[in-house]
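Reading through the structure tokens given below for one structure.
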Amino acid sequence: MPLVEVCNLVKHFERGGGLFREKTIVRAVDDVSFSVDEGETFALVGESGSGKSTTGRCMLRLIEPTSGEVTFRGENVLGFSSARMRAARRDMQMVFQDPYSSLNPRMRARTIVEEPLVIHDIGSKAERRDRVADLFRLVGLDPAHLERYPHEFSGGQRQRIGLARALALNPSFIIADEPVSALDVSIQAQVINLLMDLQQQLKLTYLFIAHDLRLVRHISSRTAVMYLGKIVEMGPTADIFANPQHAYTRALLSAVPALDPDAPRTRIELDPALVNREAPLRQISEGHFAAI
Amino acid sequence: MEPLLKVENLKTVFGPVVAVNDVSFELRKGETLGLVGESGSGKSVTAFSIIRLVQEPGEIVSGRIHFQGRDLLALSEEEMRRVRGAGIGFVFQEPMAALNPVMKVGAHIAEALLVHGLASRADARGRAIELLRAVKIVDPERRVDDYPHQLSGGMRQRVMMAIALACRPPLVIADEPTTALDVTVQAQILDLLREMKRAFDLSLLLITHDFGVIAETADRVAVMYRGQIVEQGPVRDILRNPQHPYTRGLLDSIPGGEPGTRLRGVSI
């Protein structure tokens with residue numbers, strides 16, 4: 001049974017609109033549907049402007065979608081009151097891309113990690129103190145550094161603080177929006193390992209938003225490829241990489257530089273004019289769909 | 001044969017911090033040398049040291065940089081200005097920061113040509129259009145009058161290439177030229193770099209953190225770590241049989257093995 005289901009999600013932004021200019025509507029997310037199973041890592045991949053981050057933000061209602069449904073454990077969260085939504089967010093958390101701007105620079109690491117517990121009024125002061133130290137250890141940080149400020153940590157450590165904060169309320173579902181793309185490759189490896197360990201240990205379900213296809217191939221069980229606000233292909237990650245069906249998926253995969261200098265370079269260019277934006281997703285094989 | 005560029009025992013410091021520590025390498029004519037490393041490794045400072053544009057308080061304290069038979073570190077600032085552009089072209093990571101927002105695309109290219117006395121005001125525009133065509137910009141007659149903000153990221157990087165190539169330098173230094181771009185645009189720019197290398201008979205010093213970019217473009221690689229080159233050699237040797245533990249760790253950090261397995265990463 002899916003933990004999260006997204007049905008016909010739409011987010012339109014209005015742009016421009018002045019005295020002499022017509023408003024234009026940007027269809028950032030244009031009728032997107034997918035589901036994430038309990039315990040899996042589902043990857044949403046695409047390039048800038050594909051709508052992948054907007055989709056993630058709409059799911060947690062960090063921005064309000066124009067229409068559609070987001071069901072979490074069988075309930076449509078888009079119909080929740082704001083109080084109800086706050087409570088629901090205990091179970092669904094977000095980890096952001098930039099560990100430099102997503103942490104308040106004036107707050108000590110302890111306060112940053114403790115804040116969700118305070119907001120949700122969980123535990124006594126002493127219990128929270130213990131919990132914060134546990135969370136620090138859980139993400140591989142030294143509790144001796146709890147009183148430090150964000151700038152005293154490295155980029156990788158800051159991302160760990162963000163993760164500790166996201167885990168404070170024991171969520172089951174985490175949306176990770178490009179969680180390692182701002183980090184050096186050796187630090188990326190450490191954070192990816194940590195994310196995989198935590199998933200095992202805490203039975204987490206991940207929605208992984210990323211543009212790095214090597215990373216997606218490594219950590220996700222299923223993948224959806226977004227292009228201009230729509231999912232153009234979706235299926236088991238191994239199938240998507242071995243047998244891409246949509247012209248955009250093929251172009252995207254062929255653009256990733258091979259690490260072997262002798263690998264044959266077969267660049268597939270996408271002709272946007274040949275993409276039928278109205279084509280519905282149809283089944284290619286078990287669980288593998290493409291809009292062709 | 002004498003190498004086109006020979007860096008010997010280069011040392012650049014920022015106060016007490018040694019950013020580039022005793023770095024030596026050669027770049028032969030027609031070759032692409034990839035300088036790879038993570039942030040703080042000193043790869044960009046090395047590049048900026050070569051063209052003597054290290055930001056204050058950075059300072060080159062010792063070493064020699066031989067280029068076309070001269071030691072660049074011994075040149076006057078006036079002579080060095082001629083080397084930049086006419087001898088060594090530069091492509092930066094962030095084209096938007098390198099381009100003047102109130103100058104048209106054509107004016108950027110024309111400026112490079114005029115400064116080096118390579119075109120008259122009358123034919124600078126025509127030359128700019130030719131260069132834009134060379135870097136595969138569609139409709140160059142119209143684009144020459146665009147401002148930088150009217151261009152996409154990939155097109156801006158093409159304009160940067162056109163400016164770098166304007167004075168036909170034998171060497172181009174490209175500092176993370178595709179890092180800010182989407183992967184499909186990156187592929188186009190890498191293809192263009194290879195093509196320009198052939199068409200303009202260039203040698204290329206490519207600074208990057210991405211081994212994929214190295215594998216696609218470089219003939220030889222130098223790996224930098226904490227200000228030093230820890231390993232250098234032909235691209236195949238480095239990628240297939242890395243010797244230094246840092247190089248090995250860096251390659252092991254890249255996802256690509258059995259999905260779901262732990263990444264080994266750097267352990268030095």
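Numbers restart at 1 for each chain; the letters A, B, ... are given by sequence-line order, proteins then strands.
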Take a 6.0 Å sphere around [atom1] of [X] and say whether it holds more than 12 heavy atoms from other residues, nucleotides or ligands.
{"X": "A:Arg27", "atom1": "CZ", "answer": "no"}
{"X": "B:Arg264", "atom1": "CZ", "answer": "no"}
{"X": "B:Lys11", "atom1": "NZ", "answer": "no"}

Are [X] and [Y] packed together at the side-chain level, in the sense that at least one heavy-atom pair is separated by less than 4.5 angstrom?
{"X": "A:Leu252", "Y": "B:Val183", "result": "yes"}
{"X": "A:Met196", "Y": "B:Thr261", "result": "no"}
{"X": "A:Ser186", "Y": "B:Glu38", "result": "yes"}
{"X": "A:Glu269", "Y": "B:Gln188", "result": "yes"}
{"X": "B:Arg240", "Y": "A:Asp262", "result": "yes"}

message = Quick check on the interface: out of B:Thr217, B:Ile254, B:Val213, B:Leu251, who has the most heavy-atom pairs with chain A under 4.5 Å?
response =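 Highest number of heavy-atom pairs under 4.5 Å: B:Ile254.
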Winner by heavy-atom pair count (cut-off under 4.5 Å) against chain A, out of B:Leu190, B:Leu250, B:Asp191 =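 Most pairs with chain A among the choices: B:Asp191.
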Heavy-atom distance under 4.5 Å to chain B: side chain of [X], backbone, both or neither?
{"X": "A:Ile192", "result": "side chain"}
{"X": "A:Asp197", "result": "side chain"}
{"X": "A:Arg214", "result": "both"}

How close do [X] and [Y] get, counting heavy atoms only, and between which atoms?
{"X": "B:Glu258", "Y": "A:His218", "value": "O-CE1, 3.2 Å"}
{"X": "A:Pro257", "Y": "B:Gly212", "value": "CB-O, 3.3 Å"}
{"X": "B:Leu239", "Y": "A:Pro261", "value": "CD1-CD, 3.7 Å"}

ask   = For B:Gln186, is it the side chain, the backbone, both or neither that has a heavy atom under 4.5 Å from a heavy atom of chain A?
value =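 Interface part for B:Gln186: side chain.
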ask   = Going from OG1 on B:Thr184 to CG on A:Leu253, what distance comes out if it is rounded to the nearest 0.5 angstrom?
value =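 Reported value, rounded in 0.5 Å steps: 11.5 Å.
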task = Report yes or no: does A:Asn193 contribute a side-chain atom to a donor-acceptor pair with the main-chain N or O of B:Arg262 at less than 3.5 Å?
result =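 Looks like no, no N/O pair under 3.5 Å.
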